[in-house]
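Below: the structure, in structure tokens.
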Amino acid sequence: MASVWDDLDAYLGPTDLLKKAGQRGTIKAYSNFNAAADVKALRSAIEGIGTTESVVIDTITQRSNAQRQIICKEYKGATGRNLIDDLKGDLGGDFENVMVGLMIHPAAFDAKEIKGALKGPGTTESTLIEILASRTNLQIKELAAAYQAENQRSLTDDLTSDISGDFGKAMLILLQGKRDESINFNQEQAKIDAKALYDAGEKKWGTDESKFIDILCKKSIPQLRKTFEEYKIVSKTNIVESIKGEMSGNLEDLLVAVVKCVVNTPAYFAERLYKSMKGGGTDEATLSRIMISRSEIDLLDIRAEYKKLFGYSLHSNIKSEVSGDYCTSLLKICGGDD
């Protein structure tokens, strides 16, 4: 789907979305929230002969994460047991992963996904890229703290031992969570940075990757958007095509993801969701992770971008690709069919 991003201007997210982050989710705080009643319903659904999956789905997908944390605490007080452990004991497969994922604090969920990507003989770089390219400074600092608390090890140390080179350097810069988050921009600086990127890439023999990393991983979103506009004037092509032409492998994938998130984060996730369901098999891990992690942030906008980019709704694609309780839970998270 590279053609989706041929014209970056066409997919530029409105600036006001920067101010609305966290307000465009499909899951909101339940207005008639009663933790004791939810605990009772969940106990009845879990403790009986067989699990009443519909009660589990409706309760968990219709509460905000903050409300779920209260439910977990009250469930422990009422039963002496851990609700997440009980869900793991009663549910299974991708359905279990979604229900448990929703119950975990967002920072702990990101940390868990990163740990899973680093675990084993190979590293799942696409998961690391997706998370670190799309999170805010605060989200990155919180997930790093959650990782440390859960694993008794620094995420920086674990990343350093698993990835290296320019890709590793860029990832570690993002992990610092120090991107400029001001909402203003400097037009003259945008021209300077655009020329610096052009000089570091297309204009010279060989590529100065460090210049791309320094600008793309540190500058603010409004500043980078202006820089991309100026870059197109200087180079006669857009920054994504230049990165693809000048770089390869994981560094290319990371910097392209950074650019896409700067230009339009919901469109980036819409494309990721589309690819997770495209072809002969479904990438349930990516599908579940994005639906969970964006459910209270911008899933409404992701839905809109999905329809615009691919001509049919995210809801309908999920319905056609997966089934059973897993499908039901994802559709509840997704919300409407528009």
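Ion pairing between a basic and an acidic side chain is recognised when a charged N comes within 4.0 Å of a carboxylate O; Glu271 and Lys260 show such pairing. Under the 4.0 Å criterion applied to side-chain N and carboxylate O atoms, Lys218 and Asp214 are assigned as salt-bridge partners.
Surrounding NZ of Lys211 are at most 12 heavy atoms belonging to other residues, nucleotides or ligands under 6.0 Å away. When the shell of 6.0 Å around NZ of Lys319 is examined, it contains 12 or fewer heavy atoms from other residues, nucleotides or ligands.
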Is there a side chain to side chain contact (heavy atoms under 4.5 Å, CB included) between Ile173 and Lys178? Walk through the geometry before answering. CA-CA 8 Å; Ile173 288 174; Lys178 293 183 178 178; over 6 Å; no

Please assess Tyr30 against Ser64 for the test side chain to side chain contact (heavy atoms under 4.5 Å, CB included), listing each intermediate value before the final yes or no. CA-CA 7 Å; Tyr30 189 59; Ser64 68; over 6 Å; no

Are Met291 and Ile318 close enough, and set up right, to give a side chain to side chain contact (heavy atoms under 4.5 Å, CB included), and what steps lead you there? CA-CA 11 Å; Met291 295 297 289; Ile318 291 171; 3.8 Å; yes

Would you please test Ser154 and Tyr147 for side-chain hydrogen bond (donor to acceptor under 3.5 Å, both in side chains) and show each step? CA-CA 7 Å; Ser154 155; Tyr147 188 97; over 6 Å; no

Please determine whether side chain to side chain contact (heavy atoms under 4.5 Å, CB included) holds for the pair Leu300 and Arg294, giving the CA-CA distance in whole Å, both sets of side-chain angles, and the decisive distance to 0.1 Å. CA-CA 9 Å; Leu300 286 171; Arg294 309 312 290 187; over 6 Å; no

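For Ser182, the side chain to side chain contact (heavy atoms under 4.5 Å, CB included) criterion is met by Asp180, Ser220, not counting sequence neighbours. In this view, Ala37 and Asn34 satisfy the side chain to side chain contact (heavy atoms under 4.5 Å, CB included) rule, not counting sequence neighbours. Residues forming a salt bridge (Lys or Arg N to Asp or Glu O under 4.0 Å) with Lys112 (at least two apart in sequence, or on another chain): none. With sequence neighbours left out, the side chain to side chain contact (heavy atoms under 4.5 Å, CB included) criterion links Ala170 to Ile213, Cys217, Leu251, Leu254. Taking Tyr306 as the reference, Phe310 meet the ring-ring contact (aromatic ring centres under 6.0 Å, His included) condition, with sequence neighbours excluded. Legend: residues meeting side chain to side chain donor-acceptor pair (under 3.5 Å) with Asp337, ordered by chain and number and at least two apart, are Ser313. The side chain to side chain donor-acceptor pair (under 3.5 Å) search around Arg81 returns Glu47, Tyr75, Asp86, not counting sequence neighbours. Shown here are the side chain to side chain donor-acceptor pair (under 3.5 Å) partners of Arg179, two or more places apart in sequence or in another chain: there are none. Applying the salt bridge (Lys or Arg N to Asp or Glu O under 4.0 Å) rule to Arg289 yields the partners Glu113, Glu130; only residues at least two apart in sequence or on another chain are considered. Shown here are the salt bridge (Lys or Arg N to Asp or Glu O under 4.0 Å) partners of Lys219, two or more places apart in sequence or in another chain: Asp193. Judged as a side chain to side chain contact (heavy atoms under 4.5 Å, CB included), and not counting sequence neighbours, the contacts of Ile192 are Gln189. By the salt bridge (Lys or Arg N to Asp or Glu O under 4.0 Å) test, Asp253 pairs with no residue at all, sequence neighbours left out.
Taking both residues in full, the closest heavy atoms of Glu296 and Asn65 are given as OE2-N, 2.7 Å, listed atom of the first, atom of the second, then distance.
For the pair Lys226 and Phe185, the cation-pi criterion (under 6.0 Å, within 45° of the ring axis) is fulfilled.
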